[in-house]
Amino acid sequence: MSSLPPTIATSSRRISLLEMFRAQRDPLRFLDSLKSSSADVVHLTFGRLSVALLKHPDLVQQMLVAENATTEKGRAFERALFFQFLGGGLLNSKGEEHRRQRRLVLPAFHRSRLAGYGNAMVEAADRVTAQWRDGEVRDLTADMFTLTLDVVGHTLFSADVKGTAQAITDAFNQLSIGVNRLSFPGAKWLLRSPLSFARKIRRGQATLDAIVYALIRERRSRLEDTGDLLSMLLLAEDAEHPGQHLSDEEVRDQVMTLFFAGHETTSNALTWTCWLLARHPAIEAALHAELAQVLGDRAPTFADVPNLVLTEQVIRESMRLYPPVWAMARRTLVELDFAGQKIPCPSLLVACPWITHRDARWFPDPDQFQPTRWTREFRTALPRFAYFPFGGGARSCIGENFAWMEFILIIARFAQQWRFGTTADSHLVKPQGRITLHPDRPVQLRLQRR
Ligand code: HEM
């Protein structure tokens, strides 16, 4: 049933050069300035640029689900230089090609495969905490970045290639740091230049490609299922076209895509969750009680996930307030109508978890961290797209179940053994809207062994 009010407010206006500049420099502040408007469709124009911000859950659903065939992924998304390195993988492909790839990659994320990745996740958490010392202040942003890269490396390439997984993880890390610094229009031309940083990035990519291709060739020659994501990609057969598999180049592109899509989002979500726990000691104490009851002293496993109810609520609430993918964009292919407001073609449609997740119509006290709000009744009454950290429709996140399991196992493992404490600096942390929602400074937390 629709949760749209009978008359939905829309607004349409031109924005000034100054506003445009502000929106580019600090998109979250700009979005916050639009929050006060009661309009659910905010249509903004700047010269020939036309952008419609859709705030209401039913309009988000219309954009992500119903208009899938009349829209394609937004340009802002494509402009980010990083997407060039991913080649033609799932994130970048369109139309029929996207549907074919999705059919081939989906089995790698089937529930029956996920159980096998759980141990790798807990082991990776233990490798990080092995370096933590009681009472020390650590930059959790850096630790979570290393951790999620480690998880995706080991679940993609499994334990029998530990050395190689580490080499790939290191090469990807180098590449991603270099490329993140180049996220501005025109950067791709700089990358082709003989400048030393550009040469370094190109060398990083060549190293990464060489390792991944060698691994693909070696695995193809063995033809066995080693239980990891790479095996699934190599074995995948298109159900609609029997006998058709992914080529080496396509497997390489999916590997890069999963590496990219699977680690920065997750590392941000983990960092925000640890930060929120440090700031809410009563919630952290309740979490400790749940872990003592469900796990005692043993490490969590895949089978424990459904029983870690508060752990899940903590993470759900953390991603409500700090959604790693804070905006999703689609380019219109025809003129569209949203709640009576005509949106011309071409336009950019934007749905923002950052805005909708903090709307008091769906979330009372929207800026408060209240994990226990997520009762079964609350979830049932919530419009489907009031909460959408993983998107929705044909292009929803393929790694959603993987990510939930990773969060629950890792946060449970951390909180079993460690307590997070704030530092003077940690009170100053603010979110920043880059490709994902980053803290604006390193998140320094005090670690206390329990
Ligand atoms: C906190 C963790 C994560 C969040 C918040 C997240 C969020 C999202 C969102 C919102 C989209 C859709 C973007 C759009 O519609 O424009 C997406 C797509 C995608 N995600 Fe995730 N993701 C997460 C973790 C992961 C993981 C762990 C993987 C893989 C290991 C992954 C792989 C992908 C892929 C391949 C796509 C593209 C799907 C397609 O276009 O068919 N993500 N993700």
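Along the sequence shown, residues carry numbers from 1. Ligands are counted one by one from 1 in listed order, and the atoms in each one are counted from 1 as well. Just so you know, these numbers use all the heavy atoms, side chains as well, and skip hydrogens, waters and symmetry mates.
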**Q** Checking R99 side chain against A394 main chain: does a donor-acceptor pair fall under 3.5 Å?
**A** no
**Q** Answer yes or no: are there more than 12 heavy-atom neighbours, outside H110 itself, under 6.0 Å from its atom NE2?
**A** no
**Q** Using a 4.0 Å cutoff against the non-hydrogen atoms of R102, which atoms of ligand 1 qualify?
**A** 38 (C), 39 (C), 41 (O)
**Q** Looking at E335, I'd like to know if its CD atom is crowded, meaning that more than 12 non-hydrogen atoms belonging to other residues, nucleotides or ligands lie closer than 6.0 Å.
**A** yes
**Q** As a check for students: among F388, W272, F109, identify the option with a heavy atom nearest to atom 29 (C) of ligand 1.
**A**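 Going through F388, W272, F109 one by one, F109 has the nearest heavy atom to atom 29 (C) of ligand 1.
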**Q** Using the six-membered ring wherever Trp is involved, compare the ring planes of W374 and F363 and label them parallel, tilted or perpendicular (cut-offs 30° and 60°).
**A** tilted
**Q** Report yes if the distance between the aromatic ring centroids of W326 and H438 is under 6.0 Å, otherwise no.
**A**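 That pair fails the under 6.0 Å test.
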**Q** Out of all atoms in ligand 1, which are within 4.0 Å of some heavy atom of L90? Include the element for each.
**A**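 Atoms satisfying the 4.0 Å criterion: 35 (C), 40 (O), 41 (O).
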**Q** Any chance the rings of F385 and H56 have centres within less than 6.0 Å?
**A**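 No, too far apart.
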**Q** In terms of atom number and element, which parts of ligand 1 are under 4.0 angstrom from non-hydrogen atoms of S396?
**A** 38 (C)
**Q** Can you check which of R330, K73, M405 brings a heavy atom nearest to atom 15 (O) of ligand 1?
**A**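 Nearest heavy atom to atom 15 (O) of ligand 1 lies in R330.
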**Q** When you measure from atom 32 (C) of ligand 1 to each heavy atom in P389, A108, A261, which option holds the nearest one?
**A** A261
**Q** Nearest heavy atom to atom 43 (N) of ligand 1 wins, so pick from C397, S93, G391, G262.
**A** C397
**Q** Check the angle between the aromatic planes of Y322 and W354 and answer parallel, tilted or perpendicular using the 30° and 60° thresholds.
**A**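 Plane angle between 30° and 60°, so tilted.
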**Q** Taking only heavy atoms of L91 into account, list the atoms of ligand 1 that are under 4.0 Å away from them.
**A**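 Matching atoms, with element in brackets: 36 (C), 37 (C).
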**Q** Near F407, which atoms of ligand 1 are under 4.0 Å from a heavy atom of that residue?
**A**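 Ligand 1 atoms under the 4.0 Å threshold to F407: 1 (C), 2 (C).
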